[in-house]
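Please read the structure below before turning to the comments.
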Amino acid sequence: NGEPTMVIPISSSKITSAVWGPYEEYIITGHENGEICHYDLKSGDKINSCKEHSKQINDLQLSKDMSMLISASKDTTAKLFETATLGHMKTYKTERPVNSASLSPIYDHVVLGGGQEAMDVTTTSTKVGKFDARFYHLVFEEEFGRVKGHFGPINSTAFHPDGKSYSSGGEDGYVRVHYFDPSYFDFRFEF
């Protein structure tokens with residue numbers, strides 16, 4: 001009949017991103033004020049929340065096994081959380097707003113996409129805009145690579161489920177699909 005099964009009224013900050021939680025027991029929401037919440041799907045109640053970001057959440061994505069959640073924010077960071085508890089684990093810092101963040105399904109790698117606000121792009125060169133996809137080590141929080149290509153902010157990133165490629169969608173109107181060089185699969189951090 002087209003009617004929703006459940007409607008959860010949100011009286012606080014508006015929702016800017018949402019994903020299903022493990023076992024479809026709750027929905028995880030990212031908010032304009034930087035808060036991340038769990039909403040129970042049986043009662044509609046907020047059952048957990050955290051506020052580790054100072055600005056809007058632009059994206060939420062889960063790890064392949066759903067045990068970890070990564071958030072992307074206008075506060076120039078992406079943050080890693082334990083999905084079940086929303087315990088903050090790691091922070092990946094940049095100089096520009098982060099619009100999207102994804103977790104590799106096969107390595108301890110994170111890809112971030114973002115760039116300056118879209119309304120400011122026409123007044124800035126592509127070098128200044130920081131439109132690179134940026135790769136970080138999941139555990140050590142260190143940036144280890146960048147991929148150029150977009151001529152505007154990156155709005156969305158996603159690893160392929162096999163981990164051998166990733167895609168990015170940008171304000172420039174392009175989706176870019178990148179297959180990793182075979183040497184990427186030999187990459188290891190040595191300390």
Side-chain angles (χ1 to χ4, degrees), residues 15-24 26-31 34 36 52-53 55-84 86 89-94 96-118 121 126 129-185 187:
I15 294 173
T16 54
S17 185
V19 294
W20 288 94
Y23 312 112
E24 300 174 7
Y26 53 86
I27 291 180
I28 306 165
T29 58
H31 295 257
I36 298 173
E52 295 291 333
H53 286 287
K55 293 185 179 176
Q56 176 175 306
I57 305 290
N58 290 325
D59 188 28
L60 294 173
Q61 293 190 31
L62 293 167
S63 61
K64 186 176 182 176
D65 68 0
M66 300 181 111
S67 66
M68 296 182 292
L69 170 76
I70 193 159
S71 59
S73 173
K74 280 188 176 182
D75 70 6
T76 72
T77 68
K79 294 181 185 268
L80 186 69
F81 298 90
E82 183 185 14
T83 304
L86 294 180
M89 297 163 50
K90 299 288 178 183
T91 300
Y92 311 96
K93 298 176 184 171
T94 70
R96 297 280 189 257
V98 182
N99 295 334
S100 188
S102 303
L103 299 165
S104 169
I106 60 172
Y107 287 123
D108 288 338
H109 296 170
V110 176
V111 64
L112 308 183
Q116 71 188 72
E117 295 288 341
V121 170
T126 56
K130 309 276 188 211
F131 308 134
D132 304 345
R134 299 171 73 162
F135 287 81
Y136 288 77
H137 191 277
L138 181 84
V139 176
F140 302 117
E141 303 168 283
E142 295 290 327
E143 183 180 348
F144 66 85
R146 292 186 186 195
V147 177
K148 297 183 182 308
H150 284 285
F151 299 101
I154 296 172
N155 292 330
S156 184
T157 61
F159 277 95
H160 187 280
D162 70 8
K164 295 180 180 177
S165 62
Y166 83 97
S167 62
S168 56
E171 198 73 26
D172 57 7
Y174 291 96
V175 172
R176 297 186 180 278
V177 179
H178 295 271
Y179 287 87
F180 295 115
D181 187 90
S183 64
Y184 172 80
F185 302 103
F187 182 75

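The residues of the chain are indexed from 1 along the displayed sequence. Only heavy atoms go into these numbers, but all of them, side chains included; no hydrogens, no water, no symmetry mates.
Ring centroid separation for the pair H109 and F144 comes in under the 6.0 Å cut-off. Aromatic pair Y107/F180: ring centres not closer than 6.0 Å.
A 6.0 Å sphere centred on NZ of K90 holds more than 12 heavy atoms belonging to other residues, nucleotides or ligands.
Contact check for L103 versus Q61: no side-chain heavy atoms found under the 4.5 Å cut-off. When side chains are defined from C-beta on, L80 does not count as touching V110, because their heavy atoms never get closer than 4.5 Å. Y166 has its side chain within reach of V147: a pair of non-hydrogen atoms, C-beta onward, lies under 4.5 Å apart.
Atom CZ of F81 sits about 14.0 Å away from atom OG of S67, to the nearest 0.5 Å. If you take CD on E141 and NZ on K79, they are separated by 9.5 Å, rounding to the nearest 0.5 Å. Rounded to the nearest 0.5 angstrom, I28 CD1 and L62 CG are separated by 5.0 Å. Atom OG1 of T91 is separated from atom CD of E52 by 7.5 Å, given to the nearest 0.5 angstrom. To the nearest 0.5 angstrom, I154 atom CD1 is 11.5 Å from E171 atom CD. We find the CG-OG distance between N99 and S168 to be 12.0 Å, quoted to the nearest 0.5 Å.
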For D59 and I70, run side-chain contact (heavy atoms from CB on, under 4.5 Å): C-alpha distance rounded to whole Å, both residues' side-chain angles, the deciding distance at 0.1 Å, then the answer.
-> CA-CA 8 Å; D59 188 28; I70 193 159; over 6 Å; no
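Residues meeting the side-chain contact (heavy atoms from CB on, under 4.5 Å) test with T94, sequence neighbours left out: T76, V98, L112, R134, Y136. Residues that satisfy the side chain to side chain donor-acceptor pair (under 3.5 Å) test with T157, not counting sequence neighbours, are S100, S102. Under the rule for a side chain to side chain donor-acceptor pair (under 3.5 Å), S165 has no partner lying at least two apart in sequence or in another chain. Here Q56 pairs with N58 under the side chain to side chain donor-acceptor pair (under 3.5 Å) rule; sequence neighbours left out. Looking at residues two or more places apart in sequence or on another chain, you find a side-chain contact (heavy atoms from CB on, under 4.5 Å) between K55 and S73, K74, D75.
Considering every non-hydrogen atom in both P161 and P105, the closest pair reads O-CG, 3.4 Å. For the residue pair A133 and V111, the shortest heavy atom distance occurs at CB-CG2, 4.0 Å. Summarising the geometry of S71 relative to A101, their closest heavy-atom pair is O-CB, 4.3 Å, with the distance given to 0.1 Å.
Between the side chain of H150 and the main chain of G152, no donor-acceptor pair closer than 3.5 Å is present. A donor-acceptor contact shorter than 3.5 Å links the side chain of T83 to the backbone of M68. Without hydrogens or angle criteria, Y92 side chain to L138 main chain gives a donor-acceptor distance under 3.5 Å.
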Pairs under 3.5 angstrom only: tabulate donor-acceptor contacts from the side chains of residues 15-22 to other protein residues two or more places apart or in another chain.
| unit_1 | atom_1 | unit_2 | atom_2 | d |
| --- | --- | --- | --- | --- |
| T16 | OG1 | G30 | O | 3.3 |
| T16 | OG1 | I57 | O | 2.4 |
| S17 | OG | L60 | N | 3.1 |

